[in-house]
Amino acid sequence: MNKFPSVLTFLLIILAIYWSFRSTMPSYSKDLNADATTFSVDRAMEHVEKIAIQPHGVGFPGHAKTRDYIVSALNALGLETTIQEGYTAGDWANFSKASNILARIKGTDSSGKALLLLSHYDSSPHSSLGASDAASGVATILEGVRAFLATKEASKNDIIILITDAEELGLNGADLFVNNHPWAKEVGLVLNFEARGSGGPGYMLIETNRGNGKLIKEFTKAHPKYPVANSLAYSIYKMLPNDTDLTVFREDGDIEGFNFAFIDDHFDYHTVRDNPSRLDRKTLKHQGSYLMPLLTHFTQADLSNLKSLNDYIYFNVPFFRLVSYPFEWIWPMFGLSILLFIGLLVYGFRKKSLTLKGVGMGFLPVLIILLINGLAGYYGWTLLKMLYPQYQDMLHGFTYNGHTYIAAFTLFSIAVCFWAYHKFRETSIPDLLVAPLVIWLVICGLVAQQLPGASFFIIPVFAFLGMFLISINQKYPSAYLLVFMALPALFIFAPFVKMFPVGLGLKLIIASTLFTSLIFFLLLPILGRYHRKTRWIVLATFCFFICVISAHFNSGFSEENAKPSSLLYVLNTDDKTAHWATYDNVLIDWNKQFINQEKIDADPVSSNTISSKYGTGFTHMAKAPLKNIQAPLVEKIKDTIVGNTRTLAIQITHQRQVRRLELYTTSPIKTAQINGIPLSSYYLENRTRTKLLTHYISNNESTKLTLSLSPDEPFELTLYEASNDLLSNQNFSVPQRPKNSIPMPFVLNDAILVTKTVQF
């Protein structure tokens, strides 16, 4: 065979990549009239449409309406519901009143542990409609329970349905249930449904304090059709500051569980565009495809025997669904790969298929590729923000044209790979394969030591060693055999090219460029044999420019893909000054009419604005007219000194309708209570900023603070009191936003912020 079938093998590679994505998601067709025992996406969507009508964060008018609807939906299923109400401050001193919704289905054996179905019904303040986060989770549970009850199959275990409140504020509803409700001690396993976008597959993530071995075994026994899960994703998840309600169950209750969360179309997360029309129906069906088999399985399983000391590596691949094996195999598999590699090197040199010079030359294209593609990925997002400053105002870090950028950087990386290996086309294929093998073995050794959840990386390497053996033995190997042996690399790694920048923002576009490079190395026994590599360079470069041009023409904003914007009125009652303020880096005509000053230099997070998810500070400020805005009334109720402790009790009464109060102090605090609820001693001892607490206010309730502190120095407290009524307050004439703009998420917005400092 003198001519390698490059076009056909390339098409087969593209088909394999397509299938690596396609196999993770079910298809969707209208199913409103589906059998009563079947999970129906359309029936679930009816719940989403009823819930995601208006923002329904804690303290907002839509909150009670949403709670009442969910209660009525559960009652319609014949279930008796209860409401658990109470105050909690969680682990982060985010205080609120939570109202959890609970229902229970009795099993035939009430002596065992119960299965708990979990999601939350509050949306993120102040503008999010919460269709995906988390009306989709509530709807999945409501429709799944309806379908399960329709089967009339008896459940061995009790089923607890918990729709928590105040998840967005600090997991407060989960904290209230786990630490205060008697049912919490009866829970053996939790299935939690969440979202961080409005589409894509639902990723399964495990929450456990011990090993995941038994959880993985039971999950596999349930046979979900479209599992999307890998032990690397959870290893990374544990490193990130993003928790869910299920985290509280693990940390406070030592209760195991599964998270099912989708993360694509990240730009909709926590925005007013998180509405029913943008929720991907295939995604909702995927969530249902998890719930139904797991509900059937775990209602009959022994939930008291899920704890394990052993961890499992796991990953999903087409056809085989979820593959898993014990952590104990990691080092033996790695050691075997090293032995095989050394053996093949000896064999190759003896057979004279390898030369010392050729092997040495093979390291040059690898280093060139990793350097160029690594730098392109590392600086890519910085460069994009320089070229398109408006991207800075999408705090998610994922733009509306983000998928196009992922494609562009991937194509750029492919072009660089073909170019580098074209420069070394005179080096033989066996010689060229040694360097990628060394790189991949180094990676596998590092992850085995530092990130063992990623140790399934060794699986494609074994296939690569097989291709290396074939290349040593045969000058013209079967192209189709090589493509077949490349399938593990394509099936396992191709989704990672997209997953990281989608889930964590385009700042991680380096994951796309490096994974593309590493996949190319694993495909080198095929791609390295392509003749006329210059044509492939031109093709990849041409497609790269097409993507760049397409992204450029879609870099602006429209009614469908609106620009986030912000505006606040900030009143300092201490010096009687007022300012307009914004978090926008690029102003629009709507807020330019109030703010026309230059961008401020200092980062004013601690001094000028309330705390936010990403620590975002004001970017522009301008003087504003003083308005008659009532400041909070601060009263000292008690002030005593006993020994080395000063006890100070303060009551803060809100003289206008507000949603949020933050308190700041530089003084060390021994103990603190807000409305009778103590703050975590760990939090008080380890708070690194001056923020003492946040109170998310319902029904304009007052804030009562009791502090224990040192009597040796005066105590100063700064109050930041906020309402979200700037656009409706009669003191102002701020027009509504244009249709091509939406309220910026993750920050205080459309707000009147009053600051006040009091000394005691």
Side-chain angles (χ1 to χ4, degrees), residues 17-18 20-21 24-25 132 195-203 205 228-230 232-237 239-242 261-271 280 283 369-370 372-388 390-417 451 454 457 490 492-520 540 543-544 546-548 550-552 554-555 561 564 613-614 745-746:
I17 294 172
Y18 166 77
S20 72
F21 288 95
T24 62
M25 293 276 284
S132 297
R196 203 165 182 262
S198 59
Y203 290 90
L205 300 167
V228 180
N230 62 75
L232 168 61
Y234 183 57
S235 295
I236 294 173
Y237 166 74
M239 298 177 184
L240 298 175
N242 301 305
F262 50 95
I263 60 174
D264 211 339
D265 296 339
H266 192 182
F267 39 72
D268 288 331
Y269 180 50
H270 280 190
T271 75
D280 190 335
T283 296
I369 288 168
L370 292 177
I372 295 175
N373 290 345
L375 288 173
Y378 185 79
Y379 291 105
W381 178 232
T382 302
L383 177 62
L384 289 175
K385 288 190 293 184
M386 289 174 57
L387 295 173
Y388 305 98
Q390 66 270 25
Y391 289 168
Q392 299 175 71
D393 293 330
M394 299 194 72
L395 300 182
H396 312 74
F398 193 76
T399 60
Y400 294 113
N401 54 4
H403 294 94
T404 308
Y405 282 125
I406 293 173
F409 278 89
T410 299
L411 289 163
F412 172 84
S413 300
I414 292 171
V416 169
C417 289
L451 197 65
F457 284 11
L490 296 171
I492 293 173
F493 293 131
F496 290 159
V497 174
K498 176 185 175 186
M499 183 183 76
F500 287 102
V502 162
L504 301 175
L506 292 176
K507 62 185 178 183
L508 280 185
I509 198 69
I510 187 173
S512 297
T513 59
L514 289 183
F515 266 111
T516 299
S517 305
L518 293 170
I519 293 169
F520 192 98
C543 293
F544 161 74
I546 291 295
C547 288
V548 169
S550 173
H552 172 75
N554 289 285
S555 61
N561 296 324
K613 181 178 176 70
Y614 298 113
F746 309 116

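Considering Phe496, Phe409, Phe520 in turn, Phe496 is the only one that fulfils the ring-ring contact (aromatic ring centres under 6.0 Å, His included) rule with Phe515.
For the pair Gly197 and Ser132, the tightest heavy-atom approach, listed with the atom from each and the gap, is O-CB, 3.0 Å. Nearest heavy atoms, Leu514 versus Gly374: CD2-CA, 3.9 Å. For the pair Gly380 and Ile509, the tightest heavy-atom approach, listed with the atom from each and the gap, is CA-CG2, 4.4 Å. Scanning all heavy atoms of the two residues, the minimum distance from Asn401 to Ala551 falls at ND2-O, 2.9 Å. Of all the heavy atoms in Ile414 and Ala540, the pair that sits closest is CG2-CB, 4.2 Å. Of all the heavy atoms in Phe544 and Ala408, the pair that sits closest is CD1-O, 3.1 Å.
Side-chain N or O atoms of Thr516 include one that pairs as donor or acceptor with a backbone N or O of Ser512 at under 3.5 Å. Here the side chain of His270 pairs no donor or acceptor atom with the backbone of Pro745 at under 3.5 angstrom. In this structure, the side chain of Gln390 engages the main chain of Ser555 through a donor-acceptor pair within 3.5 Å. Proximity of a side-chain donor or acceptor of Thr283 to a complementary backbone N or O of Gly200 within less than 3.5 Å is detected. Between the side chain of Asn230 and the backbone N or O of Ala233, at least one donor-acceptor pair lies under 3.5 Å.
Using modelled atom types, one finds no donor on one side chain facing an acceptor on the other under 3.5 Å when comparing Asn373 with Thr513.
Note: Ile406 CD1 to Thr410 OG1 = 7.0 Å, rounded to the nearest 0.5 Å. Atom NE2 in His266 sits 12.0 Å away from atom OG1 in Thr399 (nearest 0.5 Å). Within the model, atoms CD1 of Ile492 and CG of Leu232 stand 11.5 Å from one another, a figure rounded to the nearest 0.5 Å. For the atom pair CZ (Phe412) and SG (Cys543), the distance works out to 15.0 Å, reported to the nearest 0.5 Å. With rounding to the nearest 0.5 Å, the separation of CZ in Phe500 from CG in Leu508 is 8.0 Å.
Two residues are said to be in side-chain contact when any heavy atoms from C-beta on lie closer than 4.5 Å; Asn554 and Thr404 fail this criterion. Within the 4.5 Å cutoff, no side-chain heavy atoms of Pro201 are placed close to those of Phe262.
Between Phe457 and Phe493, the ring center distance clears the sub-6.0 Å criterion. Ring centroids of Tyr269 and Phe746 are separated by less than 6.0 Å, placing the two rings close together. Taking the six-membered ring wherever Trp is involved, the centroid distance between the rings of Tyr614 and His396 does not fall below 6.0 Å. Proximity of the aromatic rings of Tyr391 and Tyr388 is defined here by a centroid distance below 6.0 angstrom, and this criterion is met.
A salt bridge does not link Asp264 with Arg196: every distance from a Lys NZ or Arg NE/NH1/NH2 to an Asp or Glu carboxylate oxygen is 4.0 Å or more.
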Let's go through Ser20 and Leu490 carefully: what are the C-alpha distance in whole Å and the side-chain angles of both, what is the deciding distance for side-chain contact (heavy atoms from CB on, under 4.5 Å) to 0.1 Å, and is it a yes or a no? CA-CA 7 Å; Ser20 72; Leu490 296 171; 5.9 Å; no
Stepwise, does the side-chain contact (heavy atoms from CB on, under 4.5 Å) test hold for Asp280 with Asp265? CA-CA 9 Å; Asp280 190 335; Asp265 296 339; 5.5 Å; no
Could you give me the CA-CA distance, side-chain angles and deciding distance for Cys547 and Leu411, then say whether side-chain contact (heavy atoms from CB on, under 4.5 Å) is met? CA-CA 9 Å; Cys547 288; Leu411 289 163; 3.7 Å; yes
Take Tyr203 and Ile263, measure what side-chain contact (heavy atoms from CB on, under 4.5 Å) needs, and give me the verdict at the end. CA-CA 8 Å; Tyr203 290 90; Ile263 60 174; 3.7 Å; yes
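Aromatic ring pairs are classed by plane angle as parallel below 30°, tilted from 30° to 60° and perpendicular above 60°; the pair Phe267 and His403 is perpendicular.
The environment of Phe21 atom CZ is dense: over 12 non-hydrogen atoms of other residues, nucleotides or ligands sit within 6.0 angstrom. Enclosure of atom NZ in Lys507 is not indicated, since only 12 or fewer non-hydrogen atoms of other residues, nucleotides or ligands lie within 6.0 angstrom.
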